[in-house]
Amino acid sequence: MRLSRFLLPTLKETPSEAEIVSHRLMLRAGMIRQHASGIYNWLPLGLRVLRKIEQVVREEQDATGAQEILMPTIQSADLWRESGRYDDYGKEMLRIVDRHERDMLYGPTHEEVATDVFRKNVKSYRALPQNLYQIQWKFRDEVRPRFGVMRGREFLMKDNYSFDLTYEGARHSYNKMFVAYLRTFARLGLKAIPMAADTGPIGGKLSHEFIILADTGESAVFCHRDLLDKPAPENVDYDSDLQPLVDSWTSLYAATDEMHHPDHGVPEGDLVSARGIEVGHIFHFGTKYSAPMGATVTAPDGSSQAVFMGSYGIGVSRLVAGIIEASHDDNGIIWPDGVAPFDIGVINLKVGDAATDGVCADLYGRLRAAGKDVLFDDTDDRAGAKFATMDLIGLPWQVIAGPKGVAKGMVELKERATGERHELSIDSALAKLLG
Ligand code: P5A
């Protein structure tokens with residue numbers, strides 16, 4: 001992509017409405033623009049990051065055997081009357097009346113719709129277990145939308161719904177998601193800690209929140225220090241018994257302040273007290289929805305049985321902000337590999353100089369031919385402004401070409417995370433970037 005053609009409305013000044021660093025940087029880097037309170041436009045740079053995160057989430061879900069579907073954003077209120085949540089959900093639910101005076105709503109979550117899909121399409125225990133997921137927009141009319149996409153009213157969530165014949169089966173489905181979440185957040189460059197959690201309006205008794213530690217986090221959290229350097233599991237066999245692996249995490253104390261209790265048993269020096277951002281939340285709630293909504297299957301003994309269910313959420317749009325909170329410096333964002341909007345920025349320091357133009361065009365072409373996402377700064381801005389923009393938007397690598405270096409056959413390669421710059425021959429720079 002040529003920067004001269006790319007919609008990248010960066011801001012030099014710090015926007016006054018943004019209280020936390022991720023919100024400031026998302027506005028300054030031209031990733032998002034507010035449409036209304038808690039509702040945002042995603043501009044090209046922001047959407048690229050959102051899509052990259054979605055893809056990591058999707059790959060880790062697919063690896064567990066979960067199947068992707070897409071449910072509607074607008075739902076019928078009747079389903080929520082069946083589950084008994086229509087009146088309970090309160091003012092966070094955006095209620096809509098259609099032209100036929102039917103009560104509708106913009107989905108804040110999809111337990112009812114998923115249960116309805118299941119009950120209409122699965123009749124026998126033989127089809128179990130099932131785990132269906134989607135990546136879909138939600139709307140919650142939050143009292144205090146704030147911090148940009150961190151607490152929006154409209155936000156993107158990955159949500160799954162699992163269906164099992166037995167409690168033990170449901171526990172395995174829960175454990176699969178527990179492990180998949182550890183892997184997903186690690187791939188996004190985040191250290192997310194599972195913590196015993198309150199179930200709120202989703203319900204059930206068993207629940208974990210996945211929390212990343214950040215000073216700007218909305219909740220106070222407490223955990224055993226050993227959780228901070230516990231590595232995420234690799235090479236997982238999702239058909240094996242995952243309970244020992246899950247226990248190795250949950251046996252170390254971790255709780256959000258609602259669940260924190262004074263007799264936690266952790267020696268004082270080992271207890272970390274910090275602030276955190278909730279990036280995921282998993283629930284097991286048994287037959288809370290399947291029983292009232294009649295989501296039953298025929299069991300092996302011929303009886304009709306309500307299925308055991310769980311639901312599992314990841315805040316995909318919140319993660320964009322969460323990753324920035326965890327990875328930035330005074331100059332801007334530092335994207336971890338795998339979520340960066342482009343892999344490499346190519347900077348032409350002297351547009352119009354034939355030799356420099358030629359080297360840049362060559363680099364741009366060869367990097368793209370090798371499958372890299374490249375942002376090519378072909379504008380005639382000052383060098384200082386170009387460097388500032390590239391640092392602000394945080395691409396992992398920058399290749400800088402100017403007439404002096406080009407005359408010697410050299411370019412500069414800068415790694416955003418370390419700030420290290422090296423002068424290299426064009427071929428060595430390419431080898432390093434493609435190696
Ligand atoms: C689980 C999947 C649920 O809604 N039903 C379907 C369950 N859980 S949850 O904890 O309420 O939300 C899941 C994740 O969504 C993110 N999230 C938000 N992100 C941005 N703005 C919001 N207002 C918001 N509310 C929730 C969180 O990451 C949460 O863990």
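When a ligand or atom number is given, it counts from 1 through the structure's own listing order. Hydrogens, waters and symmetry mates are skipped; everything else that's a heavy atom, side chains included, is used.
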Asp337/Lys52 salt bridge by N-O under 4.0 Å criterion = no
When the ring planes of [X] and [Y] are compared, do they come out parallel, tilted or perpendicular, using 30° and 60° as the limits?
X: Phe6; Y: Phe342; result: perpendicular
X: His284; Y: Tyr167; result: perpendicular
X: Tyr174; Y: Phe178; result: tilted

Can you list the atoms of ligand 1 that are under 4.0 Å from a heavy atom of [X]?
X: His281; value: 10 (O), 30 (O)
X: Met150; value: 20 (C), 21 (N)
X: Asp159; value: 2 (C), 6 (C)
X: Gly280; value: 30 (O)
X: Glu111; value: 5 (N), 6 (C), 7 (C)
X: Val279; value: 28 (O), 30 (O)

request  = With atom 19 (N) of ligand 1 as the reference point, say which of Phe285, Tyr312, Phe155 has the nearest heavy atom.
outcome  = Phe155
task = Could you name the option among Arg144, Arg151, Arg140 that has the heavy atom nearest to atom 9 (S) of ligand 1?
result = Arg140
Sub-4.0 Å heavy-atom contact, Phe210 with ligand 1 = no
ask   = Under 4.0 angstrom from ligand 1, any heavy atom of Val149?
value = yes
What residue and atom, counting heavy atoms only, is the protein's closest point to [atom], and at what distance?
atom: atom 16 (C) of ligand 1; result: Gly315 CA, 3.6 Å
atom: atom 15 (O) of ligand 1; result: Met157 CE, 3.7 Å
atom: atom 8 (N) of ligand 1; result: Phe283 CE1, 3.4 Å

task = Assess Arg85 against Phe285: is NZ or CZ under 6.0 Å from the centre of the six-membered ring, and within 45 degrees of the ring's axis?
result = no
message = Tell me whether Arg153 forms a cation-pi arrangement with Tyr106, defined as NZ or CZ under 6.0 Å from the six-membered ring centre and within 45 degrees of its axis.
response = no
query = Does the side chain of Lys176 come under 3.5 Å of the side chain of Ser162 through a donor N or O and an acceptor N or O?
reply = no
ask   = Do His110 and Tyr133 have side-chain N/O donor and acceptor atoms under 3.5 Å apart?
value = no
Side chain or backbone, does [X] bring an N or O within less than 3.5 Å of an N or O on ligand 1?
X: Thr109; value: yes
X: Ser317; value: no
X: Gly152; value: yes
X: His110; value: no

ask   = When you look for heavy atoms under 4.0 Å from ligand 1, do you find them on the side chain of Arg153, its backbone, both, or neither?
value = neither
ask   = At a non-hydrogen distance cut-off of under 4.0 Å, which region of Glu278 contacts ligand 1 (side chain, backbone, both, or neither)?
value = both
Whether [X] side chain and [Y] backbone form a donor-acceptor pair below 3.5 Å:
X: Gln398; Y: Ile347; answer: no
X: Gln136; Y: Met71; answer: yes
X: Tyr40; Y: Phe155; answer: no

